[in-house]
Protein chains: 2
Amino acid sequence: MSAFKKLVEHSQKCSRFQHLSAICGWDAASMMPAGGNQARSEAMAELSVHIHGLMTQPQLADWIADAENENLNAEQKSSLREIKRQWQQANLLPEKLVQAKSLAGSKCEHAWRTQRGENDWVGFEKNWREVVELSREEAQIRADAAGLTPYDAMLDIYEPGTSSASLDDLFSDVKTWLPGLIDQVIEKQSTEQLIAPTGHYPTDKQKALGLEVMKLLKFDFEHGRLDESVHPFCGGVPSDVRITTRYDESEFVQSLMGIVHETGHARYEQGLPKALAGTPAGEARSMGIHESQSLFFEMQVGRSDAFIAHLARMAGNQFSGPEFEQENFKKIYTRVKKDFIRVDADELTYPAHVILRYEIERDLINGNIKHTDVPELWNQKMQDYLGLSTQGNFTNGCMQDIHWTDGAFGYFPSYTLGAMYAAQFMAAMKQTVDVDQVIQSGDLTPIFSWLESNIWSKGSLLTTDELVKGATGETLNAKFFQDHLKARYL
Amino acid sequence: MSAFKKLVEHSQKCSRFQHLSAICGWDAASMMPAGGNQARSEAMAELSVHIHGLMTQPQLADWIADAENENLNAEQKSSLREIKRQWQQANLLPEKLVQAKSLAGSKCEHAWRTQRGENDWVGFEKNWREVVELSREEAQIRADAAGLTPYDAMLDIYEPGTSSASLDDLFSDVKTWLPGLIDQVIEKQSTEQLIAPTGHYPTDKQKALGLEVMKLLKFDFEHGRLDESVHPFCGGVPSDVRITTRYDESEFVQSLMGIVHETGHARYEQGLPKALAGTPAGEARSMGIHESQSLFFEMQVGRSDAFIAHLARMAGNQFSGPEFEQENFKKIYTRVKKDFIRVDADELTYPAHVILRYEIERDLINGNIKHTDVPELWNQKMQDYLGLSTQGNFTNGCMQDIHWTDGAFGYFPSYTLGAMYAAQFMAAMKQTVDVDQVIQSGDLTPIFSWLESNIWSKGSLLTTDELVKGATGETLNAKFFQDHLKARYL
């Protein structure tokens, strides 16, 4: 058997255990009763150790070296590149550091769940200090191995190929026009009347509505399901994608568009190349590209006039009231507001939240600032970008997100990269697909066919730059995002 | 570290992987969309191979030998006995035979799913021949190792310590009185008017009723849940027990009592000794004892007058109609009828179905009959025990059960042993607990406390005989079952 073949079979073996991890992880978030947590955590930890053991088996180094000398076709070469990348990621860090970071992260995150509500920065800082230290240690090891700066080495986990140099360029441009655009739009919307939802929206009706929207978006129910969890997510495996939402019976806005968002993630997973299933090349390209698909569904398609019309019509099958009028629906889903919380932010202010976090975590991981500097920097930047003070307000300031509690530094830029990619994909798609007409028709197949052939079916065979260039004719260009925002909001 | 300690830690490690298998198995039966099956089957098979690998690691033989020379207390000795038993079971069979039987069984079972409906004995026989041959081979290997007859060695998998000699005694006694009793009861019931359910009973109401009954039975919802599956079962792990039922909107009878049955299984699992969790001694004693708990709930408690009164009252919260009158409820749940199908059989005719299967599978595995003799033997015994002919009727004859399709010979007796143990436990309980009054009161705690201290908390620390003797003062005595049936049905 060729070394390449051995590597492929080994990847498939690992992916079978990851399958079990994904399903049991979904179960823990959406099905498991509280009392099952202790034994489940132990079982999941045992599985993690086993998977890590598989991914660090000593013979893999030889197989990779041998495979690099084998006569491989282009697809196999891409596959080998991704296998090697995952192998490097798994073997880079000393076991001791992985365990120490995992422990410190769990401790910090667990305490944060109560500290955040109590605005307890002092308590949080004590735990977080260790997470930051260990994350810097991790970043330095990654940086030394990759010849990158520490923060760029962390970025590489989530968004391979992206550097802070390119993000600096991208975001400094955004900062020149975004604050002004936000002000302009808020001014424009200030005279618009919006009817906010104030009724009672029963869960079963919201669920029926969500399922109908998923059908419109051609979610494949033979290979996935919709359930509930406290924090909505897209999990499972490509052959069985599990998306979740959370229903609030006092409103429908979040759950409904949340389902559209997660369906975007899900269709990407469902559309990954089946022939490469179980190998790294068959997986989603990156966090940013994953987010581009959920945001393509949520922002590019989901908030278009034509789709809003479908949503209003479908909502009318379950509910009635003036808040469900199409024009009002559109206002609800395009209302811009400067506010503190990223996860509740609208399409326009969202990038400001991300840029703020990016700038802070970049300097923190590169050792240019101390973790105790973060609250004041947060406050300054919130004032600069959104005109809001978080002085003394940690709950709605630097303690609002879960990401940093367990050291996921480098993740935040993916959100805005995703929004930018989504806008660029839509602009390219519109050159060959009459998108508005297609959405109006109620059969969105041409849209999905474009995404499938240009994005989904590529898995990780291409680099992100190659993928984006192949789909749109150029690499990331934030102009499309800016144009999209202006067209929608001005 | 002592060898015993090493064995305990090894058992816990295995049990963590078995935890993942149990949850993903539950998911496959109750949640997974059809398209997820292929990848799931591969993941589950990979996990099985891994668990088998762990359970057959070569150092275990040494550890067991060493542990047997260590200074262990009584509980540790019992624990070691069970660890050794599981180790022997896992190491007894050559890998090749396990795989061949698994393949032949899957093939036979898969084809059987359509062959049964088509009454296709000829097609079935072709696949089943190999299953029987491989099962005989398995039984012979087990027999040689244990110094037992082939069939007794198979019995030992499900019901350690039970022999066909004792079953022959037990069942030949039952055969002296059961057919007459059945006739007598049918004669008695022939003049009773019963109002069968003919309405529409929506799933959500049946589910609400089922959950209310589970609360009455003190199912621990912090450590378990109720869901739906085609074939109801009790799965999951002791800290998170998953029971399922199947709703038929044209009747409520099966689902309702099915939930009572599975809750019995579940409370046994939930009540197993937590200090021994993850070790063989912390597991349920045997299939027969497990069934004794589900049948204790379903038959001893569930069909008592006092409990039927609760069921009728609770059903009245969801439904109305004459079929829900207490007296009619009782008639529904105690109606005796000679019929073909074991899984639909009533409490009184059920043992006849089991004895028939026992006698056939015993002679088949011991090589005294050929597999092609089975249809005619089935027909003869059905005529003898229940007065029904299955001549040419394979669908409702020897092809009705799934057990033999994949070679689970030796399992059937557990059902009737369970019914007998349940009756004996109830008789013993009644010496200290005023059971009828307790059920009437609506707080069944004294019943559960008895079961918990006498059965559940013992796990597998005692042998079945020790367990039954400790709980009731004597080993299995079928007289209690006979007395129970006479008291209820005459």
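Predicted model, so just to flag it, every value in this text is computed and none were measured. We name chains A, B, ... by the order of the sequence lines, and we start the count at 1 in each one.
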Does atom NZ (A:Lys274) have a neighbourhood of more than 12 heavy atoms from anything else shown, all under 6.0 Å?
yes
Taking a cut-off of under 4.5 angstrom between non-hydrogen atoms, the residues of residues 216-226 of chain B near chain A are B:Phe221, B:Glu222, B:His223, B:Gly224, B:Arg225
Should the pair A:His50 and B:His50 be assigned to parallel (<30°), tilted (30 to 60°) or perpendicular (>60°) ring geometry?
tilted
Top contributor to chain A interface from B:Ile23, B:Val241, B:Asn37 [non-hydrogen pairs under 4.5 Å]
B:Ile23
Among B:Ala45, B:Gly278, B:Cys24, single out the residue with the greatest number of heavy-atom pairs under 4.5 Å to chain A.
B:Cys24
Return the set of residues passing side-chain hydrogen bond (donor to acceptor under 3.5 Å, both in side chains) with B:Glu75 (not counting sequence neighbours), or none when no residue passes.
none
Using a 4.5 Å cut-off on heavy atoms from C-beta on, say whether the side chain of A:Gln12 contacts that of B:Glu42.
no
Heavy-atom count around B:His52 NE2 within 6.0 Å, excluding the residue itself: above 12?
yes
Please state whether the side chain, the backbone, both or neither of B:Leu20 comes within less than 4.5 Å of a heavy atom of chain A.
both
Quick test of your reading: applying salt bridge (charged side-chain N to carboxylate O under 4.0 Å, His left out), list the pairs with at least one residue in residues 21-40 of chain A, sequence neighbours left out, ordered by first then second residue.
A:Asp27-A:Arg40, A:Asp27-B:Arg242, A:Arg40-B:Asp240
Once side-chain contact (heavy atoms from CB on, under 4.5 Å) is applied, do any residues pair with A:Gln206, and if so which ones, sequence neighbours excluded?
A:Tyr201, A:Tyr247, A:Phe252, A:Ser255, A:Phe319
Most heavy-atom pairs under 4.5 angstrom with chain A, which of B:Ser21, B:Pro33, B:Ala39, B:Ser15?
B:Pro33
Which atom of A:Glu46 lies closest to which atom of B:Arg16, heavy atoms considered:
OE1-NH1, 2.6 Å
Atom CD of residue position B:Gln57 - does it have more than 12 heavy atoms of other residues, nucleotides or ligands inside 6.0 Å?
yes
